[in-house]
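Quick notes on the structure that follows.
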Amino acid sequence: MGQFTINTEGLPFSLPYTLDSGQAFRWRESGNFWYGVIDGGILKIRQEEHALLCSSSSDGIDTQKVFHYFALDEDLERILASVMKDRHITEAVQMYYGLRIMKQDVWECLLSFVVATNSNIPRIKGMISNLCERYGEKVEFEGETYSLFPGAAALARATVTELAGCGLGYRARYVKSISEAVDSGWMSLEEIRLHDYARAREILTAEILGKKTFMGIGPKVADCVLLFSCDKTSAFPIDVWMARVLARDYPGLFDAELTAKLASKASGQASLSEATYERLASAARGYFGDYAGYAQQYLFHRERLKEG
DNA sequence: TCCCAGGCTCAAC
DNA sequence: GTTGAGCATGGG
């Protein structure tokens, strides 16, 4: 039950670019305000010239929490300067200046991107919304009822059929087994967060006897989770949109063989093998540096909006 | 109606 | 190790 204002003078930040760039799927805009869930409570937020006007459903959500969630404590100017290596990324940065990589909850981020595979953003929002409405705790705020993101225990209790009923399709069994792994403590998301990028990614995509430890988590999902919720800013997720950008604007980064595989991925004809994905992402990380993930997000956002 | 989507799994080479 | 089919579903 708090209202507070955050002074953002001299702090490059765009709330709409950040919330609408495909890194989080639960924020909703209504009447000049954005509504979302942070830390088990509701946050209502609007950006003005030099301030963020905030209201929240709980006292736990304060200036410090909001600052951290939107990564306002990061030196964006320095970060962007470090990735502006060419005219393509420079143009994207200029167009969407102020877009930040949020620091999301790991569990919500992991489930969201597992569910996101081979789907599109509007539909992803629908699937996640269904999961929240059916399995999430309810919170009252300003006379309306909001649903929190369901915990691992609640989803582990659901049957695969029930989960599929949320529109998840074949992803339902991935959600079920990952929920069970987290609920039982077999998979520790907080521990994964503590490792460096390479090790964390190794754990997420590990295999036992030639089979995935956690079904539904491939290299791309892992990169999204690491970038958006584990502070691994060098992670460079490559989906069809990014394959398109790389094939068209960055052919010089890869040899002929990799460029050809990028092109077939970009046109939806084939998906990338784990080894190919790693070669591509590694080249991109090497080129853009420690904040390659920021470059990726600006390029992704621009590419997606080109369609209109 | 058809095509596509913040890909992944699994069998077959 | 690489490749290719199959996958559930709904938005455009």
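Below, chain A is the first sequence line, B the second, and so on; all start at residue 1. What you see below is based on every heavy atom in this structure, not just the backbone, and it leaves out hydrogens, waters and symmetry mates. All of these numbers come straight from a predicted model, not from anything done at the bench.
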Please determine whether a side-chain nitrogen of the Lys or Arg among A:Arg87 and A:Glu91 lies less than 4.0 Å from a carboxylate oxygen of the Asp or Glu.
no
In short, A:Pro12 meets A:Tyr97 closest at the heavy-atom pair CB-CE2, 3.6 Å
Taking only heavy atoms on the protein side, list every residue of residues 266-286 of chain A lying under 4.0 Å from any atom of DNA chain B, sorted numerically.
A:Ser271
Just checking A:Lys138: does its NZ atom have more than 12 heavy atoms from other residues, nucleotides or ligands closer to it than 6.0 angstrom?
yes
Give the rounded distance in Å between these two atoms: CZ of A:Arg26 and P of B:dG6.
19 Å
Show which side-chain atoms of residues 165-176 of chain A pair as donor or acceptor with protein atoms under 3.5 Å away, not counting sequence neighbours.
| from | atom 1 | to | atom 2 | distance (Å) |
| --- | --- | --- | --- | --- |
| A:Arg171 | NE | A:Val115 | O | 3.2 |
| A:Arg171 | NE | A:Thr117 | O | 2.8 |
| A:Arg171 | NH1 | A:Leu168 | O | 2.8 |
| A:Arg171 | NH2 | A:Thr117 | O | 3.0 |
| A:Arg171 | NH2 | A:Asn118 | O | 3.2 |
| A:Lys176 | NZ | A:Ala156 | O | 2.7 |
| A:Lys176 | NZ | A:Ala158 | O | 2.8 |
| A:Lys176 | NZ | A:Glu180 | OE2 | 3.4 |

Check: A:Phe288 ring centre within less than 6.0 Å of A:Tyr250 ring centre:
yes
Please state whether the rings of A:Phe13 and A:Phe70 are parallel, tilted or perpendicular, taking 30° and 60° as the class boundaries.
tilted
Any ion pair linking A:Arg304 and A:Asp20 (charged N to carboxylate O, less than 4.0 Å)?
no
On the six-membered ring of A:Phe33, is A:Lys44 placed so that its NZ or CZ lies under 6.0 angstrom from the centre and within 45° of the ring axis?
yes
Out of C:dT9, B:dG6, B:dG7, whichever nucleotide has its closest atom nearest the side chain of A:Arg123
C:dT9
Between B:dG7 and A:Tyr170, counting only base atoms on the nucleotide and side-chain atoms on the residue, is there a donor-acceptor pair under 3.5 Å?
yes
For DNA chain B, determine which residues of residues 93-114 of chain A have any heavy atom closer than 4.0 angstrom to one of its atoms, and list them numerically.
A:Phe113
